[in-house]
Amino acid sequence: MLDLKMVLEHPEEVEQRLSTRGGSLDLSPLRELGARRRAAITERDNTRAEQKALSDAFRNPGLTPDQREELRQRSRALGERIATLEGEVARIEEEVRDVLLNLPNLPHASVPVGTDASDNVVLRTVGTPRTFDFTPREHWEIGESLGILDFEAARRISGARFVVYRDLGARLERALAAFMLDLHVSRGYREVFTPFVVQRDCMVGTGQLPKFAEEAYVATDDLYLIPTAEVPVTNLHRGEILEASQLPIRYAAWSACFRREAGSHGKDVKGMTRVHQFQKVELVKFVAPETSYEEHESLVRDAEEVLVRLELPYRVVSLCTGDLGFAAARCYDIEVWLPGQNAWREISSCSNFEDFQARRANIRYRPAPGEKPRLVHTLNGSGLAIGRTIIALLENGQQADGSVRIPQALRPYLGGVETIGP
RNA sequence: GGAGAGAUGGCCGAGUAGGUCGAAGGCGCUCGCCUGCUAAGCGAGUACACGGGGUUGACUCGUGUCGCGGGUUCGAAUCCCGCUCUCUCCGCCA
């Protein structure tokens, strides 16, 4: 959420910067609401001050009954006026909030301007895609032929876009979670484990709601299945004032993630590139504003380290304004090379939200004792999506005989297994 | 699921025959003093939000906020109603 005061003070700049995301935008209704809000608040406060003065006059013991009655009448009239104005302010503020909650974040100045993914900028490519002396297969073929991925079973129990892991596949899922968490913890992240369902406020806090309601699974009791651990972990500090000495706070969290994928009919229907439930290790940071862009760089490096250790070729892409997520001020995607699909595919998305989420979730810190609290900056990134990591391991590690080589770093987590064979 | 207790500032904790309570006291923190280190002591300060003025985050004025919402009243942290949450005991349970 953007700051109302800032938007009202710099409307042209906000319009201009938001317009780089594509689509048209007219802030004039918001500006009009802002003016009405201010007028109503001023009048309400002035009327209250008047009533307060009358109340004070009441304490004068020398009043005659007539005078008392007159004061009572006047005060009551003011009270009615105040009630009216209070209703008006509340109504206007709700409208303002409605507009603000649906406004995306301002892209940072360093974000390349563009309309879609083709305008994204590749920052670096790390590792070299392997050359094959056979035609590399896609992950679902490999996984099914090895008996470690079972899409048929998943369809039977949960429907389309789910996957069942078996045997070393199931163990691989578990091994990767442990491997990633251990790596991040060794680099300064605190491991945290949170619920997979959250209350509505959390979803609003991180920006999934109200705009993207159709993407979320809703349980009964107004609980939502989390689409990423970002939601519960970021909301861990909702409503708090943190001490400057606590910052930066860095968390690593493993969780299942649930997504309806409502807008992606027909996309990635084969395999498990796009499924309704996957597991992910998420990195979340709470930092002082001055440091958030450095922290963004180091966040990506931390995610990249997983790929380096797993010997997977990847590239880092800076999303252009048109491709940037709703809440992000800047976002780097990490794309892993998939020889079976002959394509780079997103395996991590690392964003700096600046104070966009912090304002929604009211997460602040005190820069120094005695100073006024300020909003923190929040960041998060996948470190990594486990399902897609398995895809990458299968496609990059496949060998002519149908087996898959497991990278060195992962073997201790798989009880020393070096290859997964049929 | 049953019974009871409670929700006050960064934390702890006073405050119920309604007014001068944003709220005693303590802790913590900040600044200063004192003490030749340390510890102790003394003094001052220390909530957040919104709106106005302004040297436009110094400062200043106004208003609101004692879990949330509503009611009574000229006026409510204090009275009434509803809700939410937390804790304790019992039951059930991975």
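Each chain gets a letter, A, B and so on, in the order the sequences are listed, and its residues count up from 1.
Between A:Lys52 and the phosphate of B:G75, there is no side-chain N or O to OP1/OP2 separation shorter than 4.0 Å. Look at A:Arg364 and you'll find a side-chain N or O under 4.0 angstrom from OP1 or OP2 of B:A49. For B:C48, the OP1/OP2 oxygens have a side-chain nitrogen or oxygen of A:Arg366 closer than 4.0 Å. Considering only side-chain N and O atoms, A:Arg76 lies under 4.0 angstrom from the phosphate OP1 or OP2 of B:C74.
Remark: A:Glu95 engages no residue in a side chain to side chain donor-acceptor pair (under 3.5 Å) (not counting sequence neighbours). Considering only residues two or more places apart in sequence or on other chains, A:Arg411 meets the salt bridge (Lys or Arg N to Asp or Glu O under 4.0 Å) condition with none of them.
Sorted by first then second residue, the ring pair (Phe, Tyr, Trp, His ring centres under 6.0 Å) pairs that include residues 287-307 of chain A, not counting sequence neighbours, are A:His108-A:Tyr293, A:His296-A:Tyr332. Applying the salt bridge (charged side-chain N to carboxylate O under 4.0 Å, His left out) test to every pair with at least one member in residues 243-256 of chain A, sequence neighbours left out, gives these pairs: A:Arg250-A:Glu295. A salt bridge (charged side-chain N to carboxylate O under 4.0 Å, His left out) check over residues 185-195 of chain A, counting only residues at least two apart or in different chains, returns the pairs A:Arg187-A:Asp302.
Residue contacts shown for A:Arg374 include a base, since a base heavy atom lies under 4.0 Å away.
We find that CZ of A:Arg48 is positioned 13 Å from C1' of B:G75, with the value rounded to whole Å.
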Listed pairs, N/O of protein and of nucleotides 50-56 of chain B, under 3.5 Å:
from: B:C50; atom 1: O3'; to: A:Arg37; atom 2: NH2; distance (Å): 2.9
from: B:G51; atom 1: OP1; to: A:Arg37; atom 2: NH1; distance (Å): 2.9
from: B:G51; atom 1: O2'; to: A:Thr42; atom 2: OG1; distance (Å): 2.9
from: B:G52; atom 1: OP1; to: A:Arg38; atom 2: NE; distance (Å): 2.9
from: B:G52; atom 1: OP1; to: A:Arg38; atom 2: NH1; distance (Å): 3.1

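Spacing between B:U73 and B:C12 at atom P, rounded to whole Å, works out to 37 Å. Nucleotides B:C48 and B:G9, compared at atom P, are 13 Å apart to the nearest Å. Nucleotides B:G43 and B:U35 place their C1' atoms 15 Å apart, quoted to the nearest Å. Across the P atoms, B:U78 and B:C68 are found 11 Å apart, a figure rounded to whole Å.
Pairing for B:C42 goes to B:G32, judged as Watson-Crick or G-U wobble with the two contacts each under 3.5 Å.
A side-chain contact (heavy atoms from CB on, under 4.5 Å) with A:Val300 is found for exactly one of A:Cys331, A:Cys350, A:Ser318, A:Ser348, namely A:Cys350.
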